[in-house]
Amino acid sequence: MERLNQYAASFLFHVKEIPEKQEKARRENSATHIPSQDWTAKVIDTPTTAYEENHDGSVAKIYKIIKGKRLGFPDNIYPHFIKFTTYLSSQPLFSSAASQKFILDETFNWLIESYQASRINLELLPFLQNLIDEKTETRTFHFPVLNLIIEKPFAIGNCTFQFFTKEYFEQFYREREEEGNSKKDHDELFSKYCGKVFITCVAKAEPDKAEDLAFEEASLTMDVLRLYSPAVIFPTKIFKVDLDRRININYSSDHLSETYNGEKHIYLSMQANNQPFHYVQEMHNLSMQNGLAEFSDFIKNKRTDDLYKLIQHSISFYSFALSNPDLHLRISHLIMIAEGLLLDEGFVKGMQEVTKKRFSKLFFQSTSKQFQMFNEVLTSVYSVRHAITHKGNRKIIDTMKLTIFQTKLVELIRKLIQLNASIKNKADLITHIDSIPN
């Protein structure tokens, strides 16, 4: 810890005023025609933090602007500083309570404050720990879900699917009415949330980290629900329900068209692409009886063993695959999941046959008709994957066999969840499967 504090202090020798770069005159382009407002006159002259990004969106440089002066580092120091703060944020002392951005920002603030005071009042690590303790609190987050209609709240894992009523927001306003808030402004702000479904999660950390933790939890909860969606049974049906923040489907589109029959006309055409999913209570109850309850308990009881992490990753990867309307690519993704669960690390030779054998052995006797039929299903989807991956050809997909494959893959993950009670890594899992009598 002392070495980290000393290394952090060494950056003080590199803090300096950085002159503003002279920007080149911008060429006129499409963006110059987008209406905008100038808020310069309303900007308050308080210390602000500014960033420059790399091409991949990561932070390349960070500055503190104080009374018109821009403080930072020489260009060659930034990579070392970013690497240092990234390392700090990964340490057990901070990783569960503070985001990488928080550690970056507050470490930089500590340097600037020390630079301006010409001395270090408190070493970095205790400074960060005190700040995290000060800002840590338990927060409840509500993440909007698109295209989902439910009858009443229900829980999956550590999260709850619920919706807000008009009465809820009315009560919220009455409790804050004495603060002088306008009823009209209140209604305009919250009316769009009435009846909208949210995934509600609770997390404890500094604000940014708490949001990250809650969103990870909400995402995993959404992934589990998607494994029990109609898209598994009906492969051609794209399940258009997901968290607002990560949706990859356009719910509406528009275009302009022109005609020149004597005089010019411009037409605007709009098209809706949403199909709300009515998740009735009977459907939820049936899903819980057919394995959803086991998935819910699985993601609720956090564990750190390798097999647990692999299963959790497979759940999220499966959910992602269900959003892909290209069934050929979806099959490739789903086969990757099966192979990731059932093949030894580094296994290459005979991947298809070994995966098929182990997959089938978990459910059927090798001498049974069901074993042979399911092998035919796996052979069919593998042939589709082989054609698109290695030859660029799109074979005709037998959607009935794809349905069997998709539903059986959910059952495979469920089976591994059950085995995870006693088996903690993939090597022991494979040993177990191979030891099943033929």
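Just so it is clear, the values below take in all heavy atoms, side chains as well, and ignore hydrogens, waters and symmetry mates. Bear in mind the structure is a predicted one, so any value in this text is a computation, not a measurement.
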#### Entry: Chi angles and distances behind the side-chain contact (heavy atoms from CB on, under 4.5 Å) call for L124, L111
CA-CA 9 Å; L124 176 62; L111 283 168; over 6 Å; no
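- With hydrogens and angles ignored, the 3.5 Å screen pairs a side-chain donor or acceptor of K426 with a backbone N or O of G340.
- Pairing each heavy atom of D212 with each of S99, the nearest pair is OD2-CB, 3.9 Å.
- Smallest separation of non-hydrogen atoms from A203 and A210: CB-O, 3.4 Å.
- Using a 4.0 Å cut-off between a side-chain N of Lys or Arg and a carboxylate O of Asp or Glu, E137 and R139 qualify as a salt bridge.
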### Task
Give the intermediate values and the outcome of salt bridge (Lys or Arg N to Asp or Glu O under 4.0 Å) for residues K302 and E217.
CA-CA 11 Å; K302 300 294 183 183; E217 200 74 53; 3.2 Å; yes
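- When all heavy atoms are compared, the tightest approach of P126 to N5 is CD-OD1, 4.1 Å.
- Remark: Y87 engages no residue in a ring pair (Phe, Tyr, Trp, His ring centres under 6.0 Å) (not counting sequence neighbours).
- Between the side chain of D56 and the main chain of S58, a donor-acceptor pair closer than 3.5 Å is present.
- Judged purely by atom type and a 3.5 angstrom limit, T85 uses its side chain to pair as donor or acceptor with the backbone of I82.
- Partners of D434 according to the salt bridge (Lys or Arg N to Asp or Glu O under 4.0 Å) rule, which considers only residues two or more places apart in sequence or in another chain, are R358.
- At least one cation-pi condition fails for R303 and Y308: the charged atom is not both under 6.0 angstrom from the six-membered ring centre and inside a 45 degree cone around its axis.
- Nearest heavy atom pair, residue M222 against residue F161, reads SD-CE2, 4.3 Å.
- Applying the side chain to side chain contact (heavy atoms under 4.5 Å, CB included) rule to A98 yields the partners F102, I103, I132, E206; only residues at least two apart in sequence or on another chain are considered.
- The aromatic rings of F11 and F73 sit tilted relative to each other, their planes meeting at an angle between 30° and 60°.
- In this structure, the ring pair (Phe, Tyr, Trp, His ring centres under 6.0 Å) partners of F277, at least two apart in sequence or on a different chain, are F239, Y279.
- Not a single salt bridge (Lys or Arg N to Asp or Glu O under 4.0 Å) links E106 to another residue, sequence neighbours left out.
- Across all non-hydrogen atoms, the minimal contact from R246 to S319 is NH2-OG, 3.9 Å.
- You'll find the side chain of T49 stays beyond 4.5 Å of the side chain of I65, heavy atoms only.
- Y115 meets the ring pair (Phe, Tyr, Trp, His ring centres under 6.0 Å) test with no other residue; sequence neighbours excluded.
- Looking at residues two or more places apart in sequence or on another chain, you find no ring pair (Phe, Tyr, Trp, His ring centres under 6.0 Å) involving Y51.
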### Query
Should Y78 and V59 be marked as a side-chain contact (heavy atoms from CB on, under 4.5 Å) after you check the CA-CA gap, both sets of side-chain angles, and the distance that decides it?
CA-CA 10 Å; Y78 278 110; V59 175; over 6 Å; no
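- Under the 3.5 Å distance criterion, the side-chain polar atoms of W110 are left unmatched by any main-chain donor or acceptor of L125.
- E2 has its side chain within reach of E123: a pair of non-hydrogen atoms, C-beta onward, lies under 4.5 Å apart.
- No donor-acceptor pair closer than 3.5 Å links the side chain of R226 to the backbone N or O of A231.
- The shortest distance between side-chain heavy atoms of I388 and S332 falls below 4.5 Å.
- Taking the six-membered ring for Trp and the full ring otherwise, the centers of F81 and Y7 sit at least 6.0 Å from each other.
- Between I238 and P325, the shortest heavy-atom contact is CD1-CA, 3.4 Å.
- Counting heavy atoms from C-beta outward, I120 and L12 have side chains that approach closer than 4.5 Å.
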### Query
What do the steps show when you test Y382 against T355 for side-chain contact (heavy atoms from CB on, under 4.5 Å), and what is the final call?
CA-CA 10 Å; Y382 258 106; T355 301; 3.5 Å; yes
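- The environment of K16 atom NZ is sparse: at most 12 non-hydrogen atoms of other residues, nucleotides or ligands sit within 6.0 angstrom.
- Looking at heavy atoms from C-beta onward, L146 lies out of side-chain contact with V241 at the 4.5 angstrom threshold.
- Side-chain contact between L378 and F359: present, with at least one pair of heavy atoms (C-beta onward) separated by less than 4.5 Å.
- Residues passing the salt bridge (Lys or Arg N to Asp or Glu O under 4.0 Å) test with K64: none are found, sequence neighbours excluded.
- In this pair, H284 and F154 present their aromatic rings tilted. The plane angle is within the 30 to 60° band.
- No hydrogens or angles considered: nothing links the side chains of S323 and R330 as a donor-acceptor pair under 3.5 Å.
- Using a 4.0 Å cut-off between charged side-chain N and carboxylate O, D326 and R394 make a salt bridge.
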Atom pairs and distances, side-chain donor-acceptor, residues 309-318, under 3.5 Å, sequence neighbours left out:
residue : atom : partner : partner atom : Å
S314    : OG   : L310    : O            : 2.9
S316    : OG   : D223    : OD2          : 2.9
Y318    : OH   : Q406    : O            : 2.6

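- Partners of T431 according to the side chain to side chain contact (heavy atoms under 4.5 Å, CB included) rule, which considers only residues two or more places apart in sequence or in another chain, do not exist here.
- When atom types are taken as modelled, the side chain of S89 and the backbone of T86 share a donor-acceptor pair closer than 3.5 angstrom.
- Defined by atom type and a distance below 3.5 Å, a donor-acceptor pair is present between the side-chain atoms of D133 and Q129.
- You'll find the ring centres of Y63 and F108 outside the 6.0 Å limit.
- Checked for salt-bridge contact, E411 and K408 meet the test: a charged N lies under 4.0 Å from a carboxylate O.
- The pair E339-K356 does not meet the salt-bridge criterion, since no charged nitrogen lies less than 4.0 angstrom from a carboxylate oxygen.
- Here the side chains of N420 and D305 are in contact, with some heavy-atom distance below 4.5 Å.
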### Full working for side chain to side chain donor-acceptor pair (under 3.5 Å) between N425 and D428
CA-CA 6 Å; N425 59 67; D428 289 345; 3.2 Å; yes
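- Under the salt bridge (Lys or Arg N to Asp or Glu O under 4.0 Å) criterion, K237 pairs with no residue, sequence neighbours left out.
- Every pair passing salt bridge (charged side-chain N to carboxylate O under 4.0 Å, His left out) that includes a residue from residues 74-95 is listed here, sequence neighbours excluded: K61-D75.
- Cation-pi geometry between R245 and F215 is met: under 6.0 angstrom from the ring centre, within 45 degrees of the axis.
- In this structure, the side chains of Y228 and I233 stay at 4.5 Å or more apart for every pair of heavy atoms.
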